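Quick notes on the structure that follows.
Order of appearance sets the numbers: ligands from 1, and atoms from 1 within every ligand. Here the structure is a predicted model, which is why all the values come from computation and not from measurement.
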Amino acid sequence: MSPIVRIEARIVDLGEGMLVRRFLPSRQQRMVGAWCFLDHAGPVDFAPGHGMHVGAHPHIGLQTFTWLIEGKVLHRDSLGNEQIIRPGQVNLMTAGRGIVHTEDSLADGQRLHAAQLWIALPPEEQDCAPDFAHYPDLPQWRAGGARLTLLAGTYGEHTAPTRLYSPLFGLDMSCDAATAIDLQLDPEFEYGLLPLEGEVVIGEEGFRADEFAYLGRGHDSLGLRLAFGSRVLLLGGRPFDQPVLMWWNFVGFTKAAIADAQGQWESGDHRFGPVGDGSARRLVPPPLPWHDY
Ligand code: MN
């Protein structure tokens, strides 16, 4: 069995002092299955008059997967959806050929804690019709002092309702008492584990909050010891067999596809429609990093 790869966070400023810890993509590991992006936001207590406010920005070629732990966030998109997401819920936006959205704290001066993930769409779904889905109820069960919530895929008799396009797994474990837990894994999948709060011991190795553990593939079980008050996110998926390009908010398989999307966003092309009345601040991408597409 390959050793566990320990991946430290990169601190990324999303603007206006909103700092997040980014784990995927990382130098050591770009993806876990089709999970291609993982930010851990908060927990943060915003000062009065402050909150998370992400202006209008486009996506292509991916699904955005928001797992909210604390706070309330308003999602609005160019399909006309307006949805408040609350703790214990998932927002899943399928960008496909193109969508635009904004994300705002519902009220300023409040607490926020979330995991923001992206999922690369497989080649045959890259240009699918955009879609947005809100999942207020996910399968939950208890194991000792842990409450388990299935975010993606199947575990035993439980199947998450989240609509995905490749074989994936996502499980949140939240502990109100120290707990040892044995999970069944799929040896065809690769796995990664992020303690969001507290500590977890995998086998004999301890991982603190915000130390991502890449486990690789070939495991049919996983023994964890979870500390009191810990919260852990376990991700898995069948290794994605095609190299994915990621630039700004775009995922694609060619530089040309990404360059087209960026040009169309910058020129106001109708591929990327307005959010609401179109008055939301528009985010501006940095210049493309390549000139040879
Ligand atoms: Mn986004």
Side-chain angles (χ1 to χ4, degrees), residues 10 12-25 31 34-42 44 51-69 71-85 89-106 112-121 125-135 151-152 162-165 170 235 244-252 257-258 261-262 264-266 268-269 271-276 278-286:
R10 278 186 293 139
V12 178
D13 188 348
L14 297 185
E16 301 177 65
M18 176 75 193
L19 300 179
V20 298
R21 277 90 68 216
R22 183 159 301 162
F23 299 92
L24 295 175
M31 299 171 74
W35 299 106
C36 62
F37 181 95
L38 169 57
D39 272 357
H40 183 197
V44 54
M52 180 181 76
H53 296 287
V54 183
H57 61 282
H59 288 284
I60 64 163
L62 56 81
Q63 294 180 290
T64 65
F65 188 109
T66 306
W67 168 234
L68 201 71
I69 298 164
K72 294 191 191 77
V73 174
L74 174 64
H75 159 96
R76 297 188 304 146
D77 66 43
S78 52
L79 300 178
N81 296 295
E82 290 199 12
Q83 179 67 56
I84 297 166
I85 182 172
Q89 302 180 341
V90 165
N91 275 356
L92 180 58
M93 185 178 78
T94 303
R97 65 175 169 262
I99 197 167
V100 181
H101 73 146
T102 62
E103 292 157 295
D104 292 279
S105 298
L106 191 62
L112 177 70
H113 189 193
Q116 179 62 58
L117 295 131
W118 295 357
I119 302 163
L121 287 168
E125 302 289 350
Q126 278 280 296
D127 294 319
C128 71
D131 183 54
F132 173 81
H134 174 67
Y135 295 98
L151 307 180
T162 41
R163 188 173 172 209
L164 306 173
Y165 294 86
L235 302 175
V244 168
L245 291 174
M246 294 178 61
W247 167 252
W248 197 46
N249 292 299
F250 304 128
V251 166
I258 288 174
Q262 179 148 329
Q264 286 161 335
W265 170 250
E266 289 170 335
D269 188 276
R271 178 178 181 179
F272 298 112
V275 175
S279 64
R281 178 174 60 93
R282 283 167 58 94
L283 302 190
V284 177

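Remark: Tyr135 pairs with no residue by the ring-ring contact (aromatic ring centres under 6.0 Å, His included) rule, at least two apart or across chains. With sequence neighbours left out, Arg271 forms a side-chain hydrogen bond (donor to acceptor under 3.5 Å, both in side chains) with Gln264. Every residue two or more places apart in sequence or in another chain was checked for a side-chain contact (heavy atoms from CB on, under 4.5 Å) with Pro274, and none qualifies.
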field: Met52 vs Val73, side chain to side chain contact (heavy atoms under 4.5 Å, CB included): CA-CA, chis, key distance, verdict
entry: CA-CA 8 Å; Met52 180 181 76; Val73 174; 3.7 Å; yes
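Between Trp265 and Phe272, the ring-plane angle classifies as perpendicular under the 30° and 60° cut-offs. In this pair, His59 and Trp118 present their aromatic rings perpendicular. The plane angle is above 60°, beyond the 30 to 60° band.
Inspection of the environment of the Mn ion (ligand 1) yields the following protein N, O or S atoms under 2.8 Å: His57 NE2, His59 NE2, His101 NE2.
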